[in-house]
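Here is the structure we will look at, set down as structure tokens.
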Amino acid sequence: ARAARQHPLPWLLKQIEDIYDARYAHDVAELEAVAGADPDELDEAAGTLPFPAFVKNWCGRQYGVKALAEKAAWEVMCNAEAARSAGQHASVDVFCAFCNRGYDDEELLFFLYCRQTLLAECARAVKPADVAKGDAGRRFVLGAATVSSAPSVTLSEQSAQHVTRLVFGSGAGGRGMLYQAVLQLIGEYFDETREAMLEARRRDSAASRRASASASRRGASRTGATESAATPPDPRDATMEAYYYLKLMLSAYRDTRPDR
């Protein structure tokens, strides 16, 4: 196999996000076609392109020339596998799982819908003054402005709960076992994270007291001994990375599917 050119992680993450955007638009258009199709033609209208093949087709649309498209697809796949092996980003783990068919098309569509909901909600929190006109930090997907990419997003516990409510809609029919499972996982994550942050603050406080006592015995300034110590993060500021949230959603979705 030919060697693929190595690219920096930001390049790979952008390729992945662009592919997800394109696949979501493709799936939405496909669902609309199925909804409007004649029942006798449903099998033809409902054909879903496997994700690995979709990635190759996407590269073909981007580069046009077959040789360039194949080279680009190869580089995306190889860079993704290398980044996954190095544990560089959760986004890459999920992408490789989709490419290797670790998740099926139904799970992919659920993931893309969750991702789209999350990004659209984050975009609503971005004030127009925060982003200059034409800034590459904003994009438009299916006519809705979103923030630059999911890898850059973090969620508070309240934000994660809010996005989950948006994903599952309102009413008793939309919020069943899966919704409750996701809320439980979110709560457990933030409980554990805050406890770890509290423990870090306790350790830091104890170390600071020991350093101050030692400095006092040496006649050094108490203030000087503590000024250089960084303040540990406040447990109330605990956050969850967007792709941790999306992986959590995928896991809960798979575990609660009746056909699993």
How long is the straight-line distance from [atom2] of [Y] back to [atom1] of [X], given to the nearest 0.5 Å?
X: Arg124; Y: Leu119; atom1: CZ; atom2: CG; value: 11.0 Å
X: Asp255; Y: Met177; atom1: CG; atom2: CE; value: 11.0 Å
X: Met240; Y: Leu246; atom1: CE; atom2: CG; value: 10.0 Å
X: Tyr243; Y: Leu13; atom1: OH; atom2: CG; value: 8.5 Å
X: Tyr179; Y: Phe168; atom1: OH; atom2: CZ; value: 9.0 Å
X: Glu107; Y: Met249; atom1: CD; atom2: CE; value: 13.0 Å

If you measure from the Lys or Arg side-chain nitrogens to the Asp or Glu carboxylate oxygens, is any gap between [X] and [Y] under 4.0 Å?
X: Glu195; Y: Arg202; value: yes
X: Asp18; Y: Arg23; value: no
X: Lys14; Y: Glu17; value: no

Is it true that atom [atom1] of [X] has more than 12 heavy atoms of other residues, nucleotides or ligands lying nearer than 6.0 Å?
X: Arg236; atom1: CZ; result: no
X: Glu241; atom1: CD; result: no
X: Glu199; atom1: CD; result: yes

Shared hydrophobic cluster for [X] and [Y] (ILVMFWY, side-chain gaps under 4.5 Å):
X: Leu112; Y: Tyr244; answer: yes
X: Leu9; Y: Trp11; answer: yes
X: Leu109; Y: Leu178; answer: no
X: Trp58; Y: Tyr63; answer: no
X: Val153; Y: Tyr113; answer: yes

Inset, instruction - Output all residues satisfying salt bridge (charged side-chain N to carboxylate O under 4.0 Å, His left out) with Arg101, sequence neighbours left out; order by chain, then residue number. - result: Asp105
Side-chain donor-acceptor pair present, [X], [Y], cut-off under 3.5 Å:
X: Glu157; Y: Tyr189; result: no
X: Ser159; Y: Ser156; result: yes
X: Ser205; Y: Arg209; result: yes
X: Gln180; Y: Gln184; result: no

Is there a side-chain contact between [X] and [Y] in this structure, where contact means two heavy atoms from C-beta onward sitting under 4.5 Å apart?
X: Val94; Y: Tyr20; result: yes
X: Glu75; Y: Gln15; result: no
X: Thr117; Y: Glu121; result: no
X: Phe95; Y: Val55; result: yes
X: His7; Y: Arg5; result: yes

Legend entry - Val182/Tyr253 under side chain to side chain contact (heavy atoms under 4.5 Å, CB included): CA gap, chis, key distance, verdict: CA-CA 9 Å; Val182 170; Tyr253 182 74; over 6 Å; no
Inset, instruction - Go through the steps to decide whether Arg115 and Asp21 satisfy the test side chain to side chain contact (heavy atoms under 4.5 Å, CB included), and finish with yes or no. - result: CA-CA 10 Å; Arg115 172 183 173 274; Asp21 288 344; 2.9 Å; yes
Between [X] and [Y], which heavy-atom pair has the shortest distance, and what is it?
X: Ala22; Y: Arg61; result: CB-NH2, 4.3 Å
X: Ala72; Y: Cys59; result: C-SG, 4.0 Å
X: Ala238; Y: Thr193; result: CB-CG2, 4.0 Å
X: Ala4; Y: Cys78; result: CB-CB, 3.6 Å
X: Arg201; Y: Pro235; result: CD-CD, 3.5 Å

Inset, instruction - Under the side chain to side chain contact (heavy atoms under 4.5 Å, CB included) rule, what do Val92 and Cys96 come out as? Steps first, then yes or no, please. - result: CA-CA 6 Å; Val92 182; Cys96 288; 4.1 Å; yes
Inset, instruction - Decide if the gap between the ring center of Phe54 and the ring center of Phe98 is smaller than 6.0 angstrom. - result: no
Inset, instruction - Identify, with sequence neighbours excluded, every residue that meets side chain to side chain contact (heavy atoms under 4.5 Å, CB included) alongside Ala97. - result: Tyr103
Inset, instruction - Report the C-alpha distance between Leu155 and Thr239 in whole Å, list the side-chain angles of each, state the deciding distance to 0.1 Å, and finish with yes or no for side chain to side chain contact (heavy atoms under 4.5 Å, CB included). - result: CA-CA 5 Å; Leu155 303 170; Thr239 60; over 6 Å; no
Legend entry - Arg254 to Phe111 six-membered ring, cation-pi geometry met (6.0 Å, 45°): no
Inset, instruction - Test salt bridge (Lys or Arg N to Asp or Glu O under 4.0 Å) on Asp104 and Arg257 and set out the steps. - result: CA-CA 12 Å; Asp104 62 26; Arg257 282 178 67 176; 2.9 Å; yes
Legend entry - Ser85 side chain to Glu81 backbone, donor-acceptor under 3.5 Å: yes
Inset, instruction - Show your reasoning for whether salt bridge (Lys or Arg N to Asp or Glu O under 4.0 Å) applies to Lys56 and Glu70. - result: CA-CA 7 Å; Lys56 293 179 180 179; Glu70 291 180 347; over 6 Å; no
